[in-house]
2 protein chains.
Amino acid sequence: MNNQQAIKEKPAIKDKPVIKAKQVTNRGEEDYIKAIYKLSDEAEGDRVTNHQLVTYFAHTAQTVNEMVRKLEKKKILVYQPYKGSLLTALGKDEAVRLIRAHRIWETFLTEKLGYAWEEVHEEAEMLEHLTSSKLADKLYAFLGAPTVCPHGNYIPVLSDMNRDDLDTCGRLKLSKAKKGKQYCLKGVVDDKALLVYLNGLAIYIDLCFTIIERDLISDIVTLAYGGRNTSLSGAVAQKLFVCEVYDAEDNT
Amino acid sequence: MNNQQAIKEKPAIKDKPVIKAKQVTNRGEEDYIKAIYKLSDEAEGDRVTNHQLVTYFAHTAQTVNEMVRKLEKKKILVYQPYKGSLLTALGKDEAVRLIRAHRIWETFLTEKLGYAWEEVHEEAEMLEHLTSSKLADKLYAFLGAPTVCPHGNYIPVLSDMNRDDLDTCGRLKLSKAKKGKQYCLKGVVDDKALLVYLNGLAIYIDLCFTIIERDLISDIVTLAYGGRNTSLSGAVAQKLFVCEVYDAEDNT
DNA sequence: ATATATTTTAAGGTTAACCATAAAAATTCA
DNA sequence: TGAATTTTTATGGTTAACCTTAAAATATAT
């Protein structure tokens, strides 16, 4: 027995490959970080409750609790039972890093590979998790330092890493737009069903239109563009971001 | 108790996001498939023994056995105890799909993003596992249907999916080259240390040189190119693939 | 201020991909 | 052919990310 040990101890280390897998799949944790970042924009008080995560991921309360506690230990967030989670600076950096990678990939896939805007989310969702800063930066430069992704959402750069609202900044929700005025579509929420719906209506980024009707009872906005009128529900209008357009003849 | 059940059964399904992670990390299995494919090129009789996998991955015999049995159940290989594993057509297709994705990514990273040839392996190693056929095909087209990766190795296309020797086909190992003849470097093994070494010697794909010495005792080849002479060990020469070059004046 | 509802968490389970130890089986070699 | 060596596999363990059930703690609404 002792003998066998002795023999086993010297299995001549040949200079063979010896492949080791590395940082395999932070996927779970990273998805939680992104979710908390995203949900905190919409939620009141910035704190994201476990309940929100339960419905977002369709995980059990137990699972959400475990993940949140784990991220808390890693200093990625602070958690108050019954109150919710708040990302630390570390957590926010991580979230922004992921969102940046996500949007860079989306831009690459549409601009360079000819994907449609409703096809890129899933691919980017996977690729973002294995995108080093080096890769992100090189891709970004290759794309010509774009400011927005195919859905019109800002691609954060290091200087605005901690800006809170990456999605609406400088723009207006269409649901807040005013009758009679002219707007230009600058961003949409990255939601496949919505994107396909907009395709059918020939609505895309940079489209300009006039609001010809805004019914507050039915919560419907009606736009005029390209010789047609289209009515959108409040639910849709809330997912579109616009900038006001000033006509040449319309001074101020 | 029964009561509680009844209440719990109707947690009104809201139309909230409900994000589900999918096909998470076949990484382990896929690495085994690739390893078996690669090792079967070098090994005698095509079969890859568990022992080869043990040294390749630095996993235990038990782990290798489990993985092999699992892949066997999935019809990816046939395994004979004490003999080794042989990929099925399904397994080979899978391996080639991965190698194709790997080499396409390597090409993208060097050609489009300016990576050095010794930097691309690790990135490609991760990206290949989440590359759909659609993505691979679009990338491939974007790159202009390249035939080889930055290391000069063939990028398989569907038509040669089952070709056995993707790495040496049509080419010669430098270690088999003859004194006095002229050759062109067409491929090198994708091994970081080797690539960095070659950088230092200004040796790269498509470099042409003449073999001015070939010492069989010391197993050293000496090349002349760009006004310099360089001696390479047999270990290195075995990892370089060349084609013979015929001078204009040297008929036949 | 309590009763009800909701949120948290303890306890224990599952699967995948790894590990170690050691017994059983097959191969190889003398 | 038997002994030595190698290969395989049974048993049992670990961690991460999920699960269920049910108890404990807190919040809310009357």
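Just so you know, these numbers use all the heavy atoms, side chains as well, and skip hydrogens, waters and symmetry mates. Predicted model only: the values in this text are computed from it and were never measured. Chain letters run A, B, ... following the sequence lines, proteins first and then strands; every chain starts at 1.
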A:Ile104 CD1 to A:Leu109 CG distance, which is reported to the nearest 0.5 Å: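 It comes to 12.0 Å.
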Atom-pair distance ([atom1] on [X]; [atom2] on [N]), nearest Å:
X: A:Asn65; N: D:dA22; atom1: CG; atom2: C1'; result: 15 Å
X: B:Asn50; N: C:dT27; atom1: CG; atom2: P; result: 14 Å
X: B:Arg47; N: C:dT27; atom1: CZ; atom2: C1'; result: 15 Å
X: B:Glu29; N: C:dT15; atom1: CD; atom2: P; result: 15 Å
X: B:Leu53; N: D:dT6; atom1: CG; atom2: C1'; result: 16 Å
X: A:His59; N: C:dT8; atom1: NE2; atom2: P; result: 17 Å

Return the nearest nucleotide to the side chain of [X]; candidates are [options].
X: B:His51; options: D:dC19, D:dT9, D:dT7; answer: D:dT7
X: B:Met67; options: C:dC18, C:dT7, D:dT7; answer: C:dC18
X: A:Glu66; options: D:dC19, C:dT8, D:dT8; answer: D:dC19
X: B:Ala61; options: C:dT9, C:dA20, D:dT9; answer: D:dT9

N/O-N/O pairs, protein side and nucleotides 25-29 of chain D side, under 3.5 Å:
unit_1	atom_1	unit_2	atom_2	d
D:dA25	N3	A:Tyr82	OH	3.0
D:dT26	O4'	A:Tyr82	OH	3.3

Side chains of A:Tyr115 and A:Glu123, donor plus acceptor under 3.5 Å: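 There is such a pair (donor and acceptor under 3.5 Å, judged by atom type) between the side chains of A:Tyr115 and A:Glu123.
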Flag for A:Asn50-A:Tyr82: side-chain donor and acceptor within less than 3.5 Å: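 Note: A:Tyr82 and A:Asn50 side chains miss the donor-acceptor criterion.
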Donor-acceptor pair under 3.5 Å, A:Gln62 side chain vs D:dC18 base: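 Such a pair does not exist between side chain and base.
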Distance flag, aromatic centroids of B:Tyr32 and B:Tyr56, threshold under 6.0 Å: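 No, ring centres 6.0 Å or more apart.
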Within 6.0 angstrom of B:Lys134 NZ, more than 12 heavy atoms from elsewhere: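 Buried by this count: over 12 neighbours within 6.0 Å.
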A:Arg69 vs C:dT8: side-chain N/O to OP1/OP2 distance below 4.0 Å: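 Answer is no, no contact under 4.0 Å.
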Audit row: B:His102, B:His121, ring pair (Phe, Tyr, Trp, His ring centres under 6.0 Å) steps and yes/no: CA-CA 8 Å; B:His102 184 97; B:His121 181 79; 4.9 Å; yes
A:Phe108 and A:Trp105 aromatic ring geometry - parallel, tilted or perpendicular at 30°/60° bounds: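 Because their plane-to-plane angle is over 60°, the rings of A:Trp105 and A:Phe108 count as perpendicular.
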